[in-house]
Amino acid sequence: MRRDVSALCAKSFPAHRAGGRAWRLLHVCGLVILPIFAAQQATGDTSCEVPRILDVDGIVVPAILPVERVRWGPEKDQPFTEAALQRGKPVVFEGTKYAADCPAAKWTLESVATTLSSPVLENVKRYPALPGAPLFATGMRMARVPEIMATYIPHFSRHNVTFTTFFKHLGEGPSEIRNAPAAGVPVDDSTPQGWLSDGNPVLSYAGRLREWRALEADLPLDGLAPEPPGDDPIEVKPYVWLGQKGVRTPLHYDYYANFYLQILGRKKFLLLPPSHHTGLQLYPSTHPAHRSSQLNLTDVLEIDRASVADPAYEVELGPGDILHLPAQWFHEVTTLTPAALAANVWAEDVPWFQGLQALNVNLPFTADYMASQPDTDSNVADFWAQDSEVAQYKVQLIRAYIVLVIQQTNVVGAGADEKAVASWLQDTLLNPRYQPPTFSDLALTAVPQTRRFCQDLALVAKLGNVEGGMAVHFLLEGVREVMSVFDGVKDTLGPARFEMLLHNWIESVIDNAFGTKLQYPFLYDLCHC
């Protein structure tokens with residue numbers, strides 16, 4: 001049962017500041033702290049918006065606040081993209097040039113269907129996924145593990161379809177599209193003929209704006225791209241989005257900052273800040289659904305109740321609205337109208353992409369790493385890459401490598417010992433991403449009885465006597481190389497985003513060292529030995 005209790009107000013508790021707004025704290029049954037705005041009746045401020053607060057099966061979850069709306073007409077000197085980046089949280093701009101002056105503001109679905117002449121739309125998403133359809137994210141390492149993929153059911157499948165097929169299913173566009181004969185079939189012959197009739201599917205399309213060349217001039221998105229910091233250019237990706245009612249993009253985050261322009265129809269965005277990443281139970285970073293939550297937030301709404309200062313947000317976008325969504329913010333998007341058309345620009349989040357360079361650092365004691373060391377001759381490099389005595393200590397070396405990096409980042413706290421690191425890993429990475437029933441499609445969750453990764457870290461010290469103590473030397477050099485990347489971005493990213501980056505790095509190290517199948521067992525032993 002779900003009850004809307006947004007009429008609640010608190011007059012007897014002092015106001016607190018959070019995110020630039022006045023809050024009052026209401027204790028519910030002495031257990032839950034619930035944030036709500038000071039009641040309009042108490043303040044007389046009729047502009048104050050009361051957030052939507054939900055009681056899910058008797059459990060009160062934090063407020064879902066409306067996204068701030070700002071009118072940004074031509075009289076403003078500052079670019080709205082600059083104003084958005086300064087806010088650091090989602091904001092909707094109204095009244096920009098895209099609301100009326102832009103030629104795309106006059107588009108209709110019929111005019112789009114008439115103008116576009118491309119016979120094929122590539123990578124159209126079908127919700128739900130067509131059973132047996134090829135997996136789309138085949139580059140992710142878990143996609144190569146049959147034991148995992150045998151039970152993984154993606155939210156959607158991708159298909160190359162004729163333009164006629166797409167618009168006919170959409171039920172929109174000119175009459176020659178809507179009334180076209182059934183000959184408009186998927187381009188990829190492996191897709192069965194019943195792919196649009198089985199399971200009442202809905203379709204959506206997303207593609208580069210440059211692929212819509214006939215309409216590209218109507219939608220100059222240069223103004224949506226923020227100015228790059230410093231002298232370095234940033235990658236900008238303009239896209240167009242077209243879908244039908246019922247399409248719901250699962251909760252996920254992107255590496256890029258997003259400026260999203262609604263052109264036709266309406267969509268609802270449910271948004272959460274990066275601080276909720278642990279409670280949202282992300283898929284592992286090597287999984288085809290990486291960056292996505294294993295939860296369906298719209299149905300569950302089990303938001304982390306401890307994050308009083310980090311509420312969720314929601315907004316309904318209509319034609320002309322521009323939503324700025326900061327990088328690594330989680331969002332679930334639902335199409336509300338029979339059809340909806342939007343465009344966006346993804347702008348590279350520089351600190352995040354700089355931090356990702358840590359995933360490209362070669363593991364210590366590998367052939368690639370040794371070859372990269374300037375003062376290491378080929379004989380020594382071969383020794384460290386192949387010698388059985390070094391291989392014997394691989395588990396301890398990788399464990400020490402991960403633990404030392406975590407300790408030096410201070411995410412657990414200054415002076416944290418290995419036991420504190422293990423507890424942090426279990427609470428923030430192992431349990432949320434891997435433990436059943438959370439990761440129910442991972443068939444490799446049986447804990448190895450042999451505890452094969454539970455060697456004593458103190459054994460690493462014995463390598464100090466091998467080849468003049470080079471083991472410890474190269475171990476520390478590897479840590480320093482990773483920390484040179486992390487130190488440059490940690491403060492800019494902030495605690496939550498940096499923790500997400502660090503989790504992805506840890507998974508990458510384990511995967512590169514031991515392989516995808518042993519990713520979970522190694523992490524489990526790292527937390528429990």
Side-chain angles (χ1 to χ4, degrees), residues 18 88 253 255 273-282 284-285 304 306-310 326-330 349-364 369 396-434 453 456-458 460-461 472-513 519 522-529:
Y253 73 92
Y255 289 171
S275 56
H276 289 273
H277 72 94
T278 298
L280 294 179
Q281 301 174 359
L282 302 180
S285 59
D304 182 4
S307 297
V308 174
D310 294 319
Q328 290 88 54
W329 272 67
F330 296 94
D349 181 58
V350 175
W352 180 266
F353 277 85
Q354 290 174 339
L356 288 177
Q357 295 305 309
L359 278 66
N360 297 327
V361 174
N362 290 318
L363 287 178
Y369 176 83
Q396 295 95 311
L397 290 169
I398 297 302
R399 281 169 57 89
Y401 180 54
I402 292 173
V403 170
L404 285 171
V405 168
I406 294 173
Q407 287 173 329
Q408 293 203 21
T409 62
N410 288 328
V411 294
V412 187
D417 59 14
E418 188 187 357
K419 183 177 181 180
V421 170
S423 178
W424 174 82
L425 280 169
Q426 182 171 354
D427 292 341
T428 67
L429 180 57
L430 179 70
N431 288 350
R433 294 195 185 186
Y434 293 88
F453 297 114
D456 186 357
L457 272 181
V460 176
V472 174
H473 167 75
F474 287 128
L475 174 65
L476 297 179
E477 282 299 310
V479 172
R480 277 192 282 268
E481 190 171 353
V482 172
M483 288 306 302
S484 69
V485 177
F486 284 160
D487 285 341
V489 301
K490 180 182 176 183
D491 291 341
T492 306
L493 288 174
R497 293 204 293 159
F498 180 74
E499 189 173 73
M500 293 165 64
L501 176 68
L502 184 58
H503 285 165
N504 292 350
W505 174 81
I506 293 167
E507 290 178 326
S508 175
V509 167
I510 299 172
D511 189 272
N512 288 329
Q519 189 169 310
F522 182 90
L523 186 60
Y524 182 93
D525 285 352
L526 186 60
C527 295
H528 290 89
C529 292

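This one's a predicted model, so the numbers in the text were calculated from it and none came from an experiment.
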Legend entry - Donor-acceptor contact present, side-chain Gln426 to main-chain Asn431, <3.5 Å: no
Inset, instruction - Indicate yes or no: at least one non-hydrogen side-chain atom of Leu526 is less than 4.5 angstrom from one of Val403. - result: yes
Inset, instruction - Taking the side chain as every heavy atom from C-beta outward, state whether Ile402 and Phe522 have any pair of such atoms under 4.5 Å apart. - result: yes
Inset, instruction - Just jot down the side chain to side chain donor-acceptor pair (under 3.5 Å) partners of Gln357, sequence neighbours excluded, or say none. - result: Asn360
Legend entry - Non-neighbouring partners of Ser508 that pass side chain to side chain donor-acceptor pair (under 3.5 Å), sequence neighbours left out: Asn512
Legend entry - Spacing of NE2 belonging to His277 relative to CG belonging to Leu429, to within rounding of 0.5 Å: 9.5 Å
Inset, instruction - Of all the heavy-atom pairs spanning Leu430 and His528, show the shortest one and how long it is. - result: CD2-CE1, 3.7 Å
Legend entry - Spacing of Asp511 atom CG and Ile506 atom CD1 [to the nearest 0.5 Å]: 13.5 Å
Inset, instruction - Fit a plane to each ring of Trp424 and His503, take the angle between them on a 0 to 90° scale, and name the class: parallel (under 30°), tilted (30 to 60°) or perpendicular (over 60°). - result: tilted
Legend entry - Sub-4.5 Å side-chain heavy-atom contact between Met483 and Val405: yes
Legend entry - Partners meeting side chain to side chain donor-acceptor pair (under 3.5 Å) with Asp349 (sequence neighbours left out): Arg497
Inset, instruction - May I ask you to decide if the ring planes of Tyr255 and Phe353 are parallel, tilted or perpendicular, using 30° and 60° as cut-offs? - result: perpendicular
Inset, instruction - Evaluate the side chain to side chain contact (heavy atoms under 4.5 Å, CB included) criterion for residues Phe486 and Gln408: first the C-alpha distance (whole Å), next the side-chain angles of each, then the deciding distance (0.1 Å), finally the verdict. - result: CA-CA 10 Å; Phe486 284 160; Gln408 293 203 21; over 6 Å; no
Inset, instruction - Could you pull out the closest heavy-atom pair between Ala420 and Val412, with the gap in Å? - result: O-CG1, 3.7 Å
Inset, instruction - Write down the atom of Leu404, the atom of Leu475, and the distance for their closest heavy-atom approach. - result: CD1-CD2, 4.0 Å
Legend entry - Sub-4.5 Å side-chain heavy-atom contact between Pro274 and Glu499: no
